[in-house]
Peer 1: 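Below you will find the structure I want to go over with you.
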Amino acid sequence: MKRYGLYIAVLIAVLPIIILRDYTPDNELRYLSIADEALSNGNIFAFYNQGIPYADKPPLYIWIVMLGKLIFSTHRMWFLSLFSLIPAFVITDIMDRWTADEIRPRYRLAARLMMLSCGLFIGLGLVLRMDMLMCMFIVLALHSFLKMHHSGKYSLLFPIYVFMAVFSKGPVGILVPLLCTIIFLIINKDARAIGRYWGWKTWGVLLVLCALWFGAAYAEGGYAYIDNLLFHQTIDRAVNSFHHEEPFWYYLVSVWYSLMPWAFAVIGMIIFAAVKRQVTSETERFFLTVIVTTFVMLSVISSKIAVYLAPTFPFFIYLGAIYLFRTGWNKWKALSLCIPFAVFALSLPVIMILSGRPDTAFLSQTGFYIAAGILSAAGIIALFRLYKNKDMNSAITTLAAGLFAAIFAGGWSVPKINSEIGYGALCRTASMAAEENGTEGFCVWKISRPENMDVYLGQDIRKVTKEDITSGTLKNTILMLPAKRTGEIAGPLTDNCKRYDIGRYSIIVLQN
């Protein structure tokens, strides 16, 4: 039970955020809308967003969203967040056990804290995405591969984990285990053993499970849907992306901010160990193979965003931690850690500056000031322990603990900025205005991704133009728009209308 105390503490730290924050419009609200549409239409394998086929993601995560709606009759942020947080805890625990022979017991808590406080990793643990589920199954697949390599066991679990990775996010779920294991065997001069791991049993399980999935999707969505699922969303994205297209070197930049505050330490230690040929154990070679192979593969694929690199994060952090804690303190290790520590120490003055600016004035919340104060104190104490006591272990745990304490403190102020995060407060006020004024419909102008507001409003939303508004053709409806754009439609048709302001948005009641 003691080893799980850390996960309970982290869960408590993020609880205010996962209970109190709103859904983001770009992805989270879309998943809820897709799930609502699937429940309404009775679809299980072929999904649609506003009537348009949505083959972008496999069914697993949408099923989870649908399950939550069936259980609670509405969407619950805390329930859906568990399917990002729990995989993050599972990944950390697997990596901790995996490296038990590489990292001395006194440093294992610091390594787990580094994993859980890694910038984009904890970020993925707090948002509603399927990436963390995929990462969990990829880590399980790679771990089971190495177990097979040693004992021959896990031969059935291996392909099941690979399939679940694919079923969570898509082709990357098979490409990472396939390429990483093959390259590892070739490096180990054991290429003849590839068929042992990728033989008839592995491919048989994968083909049967995929055939059941694709067959069900074809039965529900027809040829066009299955063509979109198997070709448009895979080959087209990989070769000439229609979405998130970035240059080859994109991840050479994104990896630094994705792994903060530990990027300088872990990447620096990995490069140093590789150059000095200090990659000695099988675990180290395997972790390095996973990092390099996945990094190159994702760089070749046309579609790129920072979160796609997530399968490498556990291996970056833990391989870096192995080298960081293998020997004692030195000035280069201290320098790699002191830079982010110093940045944390400046948190309070930075937020004071930002909260005084018009575009970031929403940060002037009591909880955020307390959080920034905690971060500053943690950074200063960590610097003291790093240089005065020459204790990297204590410095790292101090900073990570401070980060989670700050998340807890700042989380209570999240409701005050929900209007900056999502459309929940806007839509609730619009519904209230519609009821008070007896209007029937909702329309939007100059608001990004409004189509999934139907999750809140219970009906489709109409996108309108400036000409629609100023011509007087809109009647008996609620108009939502950015507050800063209201001056562009000022005139006799809107000046005498009721208006409600919600954060950076405005609501105008257009009646007969």
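Remember, it's a predicted structure, so these values are computed and weren't measured experimentally.
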Peer 1: Using a 4.5 Å cut-off on heavy atoms from C-beta on, say whether the side chain of I34 contacts that of Y48.
Peer 2: no
Peer 1: Within the distance-only criterion (no hydrogens, no angle test), does the side chain of R108 pair as donor or acceptor with the backbone N or O of T99 below 3.5 angstrom?
Peer 2: no
Peer 1: Would you check if the side chain of Y225 reaches a backbone N or O of Y54 as a donor-acceptor pair within less than 3.5 Å?
Peer 2: yes
Peer 1: Does the plane of the ring in W78 sit parallel, tilted or perpendicular to the ring in F72? Use 30° and 60° as the thresholds.
Peer 2: perpendicular
Peer 1: Rounded to the nearest 0.5 Å, what separates atom OG1 in T92 from atom CG in L116?
Peer 2: 4.0 Å
Peer 1: Does L133 form a side-chain contact (heavy atoms from CB on, under 4.5 Å) with K169? I'd like the steps, not just the answer.
Peer 2: CA-CA 8 Å; L133 275 172; K169 186 71 188 284; over 6 Å; no
Peer 1: Does the side chain of L70 come within less than 4.5 Å of L39's, by heavy atoms?
Peer 2: yes
Peer 1: Report the residues that fulfil ring-ring contact (aromatic ring centres under 6.0 Å, His included) with Y251, sequence neighbours left out, ordered by chain and then residue number.
Peer 2: none
Peer 1: Mind checking what makes side-chain hydrogen bond (donor to acceptor under 3.5 Å, both in side chains) contact with D454, not counting sequence neighbours?
Peer 2: S33, Q50
Peer 1: Who pairs with N27 by side-chain hydrogen bond (donor to acceptor under 3.5 Å, both in side chains), at least two apart in sequence or on another chain?
Peer 2: R30
Peer 1: Indicate, with yes or no, if the rings of F45 and W213 have centres closer together than 6.0 Å.
Peer 2: no
Peer 1: With a 4.5 Å heavy-atom cut-off, do P482 and I447 have their side chains touching?
Peer 2: yes
Peer 1: State yes or no: are the ring centers of W262 and F316 separated by less than 6.0 Å?
Peer 2: no
Peer 1: When you measure from the side chain of T202 to the backbone N and O of Y197, does any donor-acceptor pair fall under 3.5 Å?
Peer 2: yes
Peer 1: For L109, which residues count as a side chain to side chain contact (heavy atoms under 4.5 Å, CB included) partner, sequence neighbours excluded?
Peer 2: L6, R112, L113
Peer 1: Begin from the C-alpha positions of E28 and R129 and carry the test side-chain contact (heavy atoms from CB on, under 4.5 Å) through to its verdict.
Peer 2: CA-CA 7 Å; E28 294 178 346; R129 290 181 65 95; 6.0 Å; no
Peer 1: Please tabulate, one pair per line, all N/O donor-acceptor pairs under 3.5 Å involving side-chain atoms of residues 180-193, not counting sequence neighbours.
Peer 2:
from	atom 1	to	atom 2	distance (Å)
T181	OG1	P177	O	2.5
T181	OG1	L178	O	3.1
T181	OG1	W198	NE1	2.9

Peer 1: Does Y31 have any ring-ring contact (aromatic ring centres under 6.0 Å, His included) partners at least two apart in sequence or in another chain, and if so, which?
Peer 2: Y61
Peer 1: I need the S431 OG to M453 CE distance, nearest 0.5 Å.
Peer 2: 10.5 Å
Peer 1: Check whether any side-chain heavy atom of F325 lies under 4.5 Å from a side-chain heavy atom of I396, and answer yes or no.
Peer 2: yes
Peer 1: Would you find more than 12 non-hydrogen atoms of other residues, nucleotides or ligands less than 6.0 Å from F79 atom CZ?
Peer 2: yes
Peer 1: Between T429 and Y505, is the side-chain contact (heavy atoms from CB on, under 4.5 Å) condition met? List the steps.
Peer 2: CA-CA 11 Å; T429 305; Y505 299 106; over 6 Å; no
Peer 1: Is any NZ, NE, NH1 or NH2 atom of the basic residue among E102 and R326 found under 4.0 Å from an Asp or Glu carboxylate oxygen of the other?
Peer 2: yes
Peer 1: Flag the pair F287 / F315 as yes when their ring centroid distance falls below 6.0 Å, and as no otherwise.
Peer 2: yes
Peer 1: Output the distance between atom CG (L142) and atom OG1 (T294), rounded to the nearest 0.5 Å.
Peer 2: 7.5 Å
Peer 1: For side-chain contact (heavy atoms from CB on, under 4.5 Å), just list the numbers for I19 and W412, CA-CA rounded to whole Å, side-chain angles, deciding distance to a tenth of an Å, and then say yes or no.
Peer 2: CA-CA 10 Å; I19 291 176; W412 297 105; over 6 Å; no
Peer 1: Return the CE to CG distance between M148 and L146, rounded to the nearest 0.5 Å.
Peer 2: 10.5 Å
Peer 1: Once rounded to the nearest 0.5 Å, what's the spacing between atom CE of M136 and atom OH of Y161?
Peer 2: 8.5 Å
Peer 1: Verify, without hydrogens or angle tests, whether W203 (side chain) and P159 (backbone) share a donor-acceptor contact under 3.5 angstrom.
Peer 2: no
Peer 1: Should Q278 and V275 count as side-chain neighbours, where that means a heavy-atom distance under 4.5 Å?
Peer 2: no
Peer 1: Is there a side-chain contact between F163 and F137, using heavy atoms and a 4.5 Å cut-off?
Peer 2: no
Peer 1: Hey, is the main chain of L309 close enough, under 3.5 Å, to the side chain of T312 for a donor-acceptor pair?
Peer 2: yes
Peer 1: I need the W249 CH2 to K304 NZ distance, nearest 0.5 Å.
Peer 2: 10.0 Å
